[in-house]
Amino acid sequence: MNFALILLILLLVSGAIWATDAFVLRKRRPADAKEPWWVEYGASFFPVILVVFVLRSFIVEPFKIPSGSMIPTLLVGDFILVNKYTYGIRLPVANLKVIDLNSPQRGDVMVFRYPEDPSLDYIKRVVGIPGDRVAYENKRLTINGLPVPVVQVEDYLHPERLYYSQQYVETMSEGEHRVLNDEGAPPFVTHPAQFPNRDNCSYNSAGVICTVPPGEYFVMGDNRDNSRDSRFWGFVPEENIVGKAFFIWLNFGDFKRIGSFS
């Protein structure tokens with residue numbers, strides 16, 4: 001269900017009712033006449049829908065984390081807010097950029113339309129920007145020939161499964177975030193898709209090396225061995241970008257998670 005399209009339709013319908021009543025029908029009604037029910041409801045809902053539409057389309061949009069690909073940064077059940085204007089102002093529904101502001105940077109947690117099915121929204125961390133040569137081999141990330149600094153810390157316990165993953169603090173673009181590796185998982189990429197610009201990537205027994213094309217981005221989940229990301233289905237085109245995730249506003253299972261994240 002395309003909620004943005006539904007909201008736009010409701011806005012247009014309620015706005016048409018409000019405008020018709022304000023400029024036409026109200027002048028023709030007797031002063032003591034009661035508004036028709038459809039005018040009363042339509043006109044009263046219009047300002048509410050307008051505020052929600054503007055907030056959701058141009059300022060912030062809420063999302064719920066459905067999978068564990070971003071553990072430990074984001075957990076299943078986290079409700080997050082996404083900044084819709086950080087990477088430029090886009091027309092709702094069409095997602096066409098009309099005002100260019102900033103570009104995604106390495107380390108950003110970004111929401112985007114899944115390239116294989118644009119009706120789905122995905123969330124991953126940006127690790128490669130246009131022109132970067134990204135290598136993820138033997139579970140270590142290298143960008144433009146320079147290894148991304150990592151420091152191993154205490155293992156991460158997955159409470160829902162009661163098993164441990166190796167945990168590292170990764171430093172990227174002067175910011176830190178945690179990533180996970182499963183010791184028994186293979187380093188190579190299994191069954192990568194035939195995605196656009198696949199010739200920019202080379203696969204081997206140690207992992208993958210890709211050169212990011214112009215106007216596209218290479219993204220990965222922080223739960224590195226449990227994330228289907230650019231290693232499997234390719235690059236994220238600039239036109240698929242939705243916004244930058246920046247705040248956890250609710251988690252019914254753990255209220256202490258409310259707040260910002262790396």
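Hydrophobic clustering (side-chain heavy atoms under 4.5 Å, transitive across Ile, Leu, Val, Met, Phe, Trp, Tyr) keeps Val82 apart from Val60. In the hydrophobic cluster analysis, where Ile, Leu, Val, Met, Phe, Trp and Tyr join through side-chain heavy atoms closer than 4.5 angstrom, Val242 is grouped apart from Ile89. Cluster annotation: Val153 and Val150 are assigned to distinct hydrophobic clusters (Ile/Leu/Val/Met/Phe/Trp/Tyr, side-chain heavy-atom contacts under 4.5 Å, transitive). Linking Ile, Leu, Val, Met, Phe, Trp and Tyr residues whenever their side-chain heavy atoms come within less than 4.5 Å places Phe246 and Leu101 in a single cluster. When the side chains of ILVMFWY residues are joined at heavy-atom separations under 4.5 Å, either directly or via intervening members, Ile99 and Leu91 end up in a single hydrophobic cluster.
With values rounded to the nearest 0.5 angstrom, Ile258 atom CD1 is found 9.0 Å from Trp249 atom CH2. Between Leu11 atom CG and Ile49 atom CD1 the span is 7.0 Å, to the nearest 0.5 Å. Once rounded to the nearest 0.5 Å, the distance linking OG1 of Thr211 with CZ of Arg133 reads 4.5 Å. From Ser14, atom OG reaches atom CG of Leu12 across 8.0 Å, with rounding to the nearest 0.5 Å. Put simply, CH2 on Trp18 and CG on Leu25 are 13.0 Å apart, with the number rounded to the nearest 0.5 Å. Between atom CZ of residue Arg224 and atom CG of residue Asn226 there is a gap of 12.0 Å, rounded to the nearest 0.5 Å.
Counting all heavy atoms, side chain and backbone alike, Pro66 lies closest to Val76 at O-CG1, 4.1 Å. Contact between Arg29 and Asp21 at its shortest, heavy atoms only, is NH1-OD1, 2.8 Å. The two residues Met172 and Gly107 make their nearest non-hydrogen contact at SD-N, 3.3 Å. Across all non-hydrogen atoms, the minimal contact from Tyr164 to Leu157 is CE2-CB, 3.7 Å. Nearest heavy atoms, Phe112 versus Met110: CD2-O, 3.6 Å. Between Leu180 and Ser165, the closest heavy-atom pair is CB-CB, 4.1 Å.
Put simply, the side chain of Ser69 never gets that close to the backbone of Gly221: no donor and acceptor are under 3.5 Å apart. Of the possible polar contacts, one joining the Asp78 side chain to the Leu75 backbone as a donor-acceptor pair under 3.5 Å is found. Listed for the Asp222 side chain is no donor-acceptor partner under 3.5 Å among the backbone atoms of Arg125. Counting only distance, with no hydrogens or angles, the side chain of Tyr156 and the backbone of Arg178 share no donor-acceptor pair below 3.5 Å. Of the possible polar contacts, none joining the Asn251 side chain to the Arg257 backbone as a donor-acceptor pair under 3.5 Å is found. Using modelled atom types, no side-chain atom of Ser230 and backbone atom of Phe218 make a donor-acceptor pair closer than 3.5 Å. Proximity of a side-chain donor or acceptor of Arg90 to a complementary backbone N or O of Asn95 within less than 3.5 Å is detected. In terms of modelled atom types and a separation under 3.5 Å, the side chain of Asn102 and the main chain of Thr86 share a donor-acceptor contact. In this structure, Lys139 contributes its side chain and Asp182 its backbone to a donor-acceptor pair below 3.5 Å. A distance-only check finds a donor-acceptor pair linking the side chain of Asp108 to the backbone of Gln105 [under 3.5 Å].
Using a 4.5 Å heavy-atom threshold, the side chains of Ile71 and His158 count as touching. Within the 4.5 Å cutoff, the side chain of Val134 has no heavy atoms near those of the Ile209 side chain. Using a 4.5 Å cut-off on side-chain heavy atoms (C-beta onward), Ile17 and Phe46 make no contact. Side-chain contact check for Ile65 versus Met70: every heavy-atom pair is 4.5 Å or farther apart. Under the 4.5 Å side-chain criterion, counting only non-hydrogen atoms from C-beta, Thr190 is in contact with Phe232. A heavy-atom distance below 4.5 Å is found between the side chains of Tyr217 and Ser103. Contact check for Gln167 versus Val179: no side-chain heavy atoms found under the 4.5 Å cut-off. Using a 4.5 Å cut-off on side-chain heavy atoms (C-beta onward), Ile59 and Tyr85 make contact.
Just one of Asn197, Asp132, Ile143 meets the side-chain contact (heavy atoms from CB on, under 4.5 Å) condition when paired with Val212; it is Asp132. Residue Phe79 forms a ring pair (Phe, Tyr, Trp, His ring centres under 6.0 Å) with just one option from Phe252, Phe255, Phe247, and that option is Phe252.
Ring planes of Tyr122 and Trp233: perpendicular class, angle over 60° (limits at 30 and 60°).
For CZ of Phe45, the number of neighbouring non-hydrogen atoms (other residues, nucleotides, ligands) closer than 6.0 Å is 12 at most. Taking a 6.0 Å sphere around CD of Glu183, one finds it holds 12 or fewer heavy atoms contributed by other residues, nucleotides or ligands. Within a 6.0 Å sphere centred on OH of Tyr163, other residues, nucleotides and ligands contribute more than 12 heavy atoms. Taking a 6.0 Å sphere around CG of Asp199, one finds it holds 12 or fewer heavy atoms contributed by other residues, nucleotides or ligands.
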Residues Ser57, Lys84; criterion side chain to side chain donor-acceptor pair (under 3.5 Å); working and verdict: CA-CA 7 Å; Ser57 300; Lys84 297 296 292 287; 5.9 Å; no
task: Decide side-chain contact (heavy atoms from CB on, under 4.5 Å) for Ile248 and Leu74; before the verdict, give the C-alpha distance in whole Å, the side-chain angles of both, and the deciding distance to 0.1 Å.
output: CA-CA 8 Å; Ile248 300 170; Leu74 296 171; 3.9 Å; yes
- prompt: So Arg140 and Tyr168, side chain to side chain donor-acceptor pair (under 3.5 Å) or not? Walk me through it.
  reply: CA-CA 11 Å; Arg140 289 296 176 265; Tyr168 300 84; 3.0 Å; yes
field: Asp229 vs Lys124, salt bridge (Lys or Arg N to Asp or Glu O under 4.0 Å): CA-CA, chis, key distance, verdict
entry: CA-CA 8 Å; Asp229 45 42; Lys124 305 290 181 186; 5.3 Å; no
task: Let me see the working for Ile6 and Leu10 under side-chain contact (heavy atoms from CB on, under 4.5 Å), right down to the final yes or no.
output: CA-CA 6 Å; Ile6 293 174; Leu10 290 175; 4.2 Å; yes
message: Checking Phe235 against Phe195 for the side-chain contact (heavy atoms from CB on, under 4.5 Å) test, could you report, in this order, the C-alpha distance in whole Å, the side-chain angles of both residues, the deciding distance, and whether it holds?
response: CA-CA 8 Å; Phe235 308 101; Phe195 50 84; 4.1 Å; yes
message: salt bridge (Lys or Arg N to Asp or Glu O under 4.0 Å) for Glu116 and Arg228? Distances and angles first, verdict last.
response: CA-CA 12 Å; Glu116 291 188 337; Arg228 286 190 60 84; 5.5 Å; no
task: With side-chain contact (heavy atoms from CB on, under 4.5 Å) as the test, would you mind laying out the steps for Asp121 and Arg113 before giving the verdict?
output: CA-CA 5 Å; Asp121 290 316; Arg113 294 179 177 179; 3.9 Å; yes
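Side chains of Asn204 and Glu137: a donor-acceptor N/O pair is present below 3.5 angstrom, by distance only.
For Lys97, the side chain to side chain donor-acceptor pair (under 3.5 Å) test picks out Asp100, Glu238, with sequence neighbours left out.
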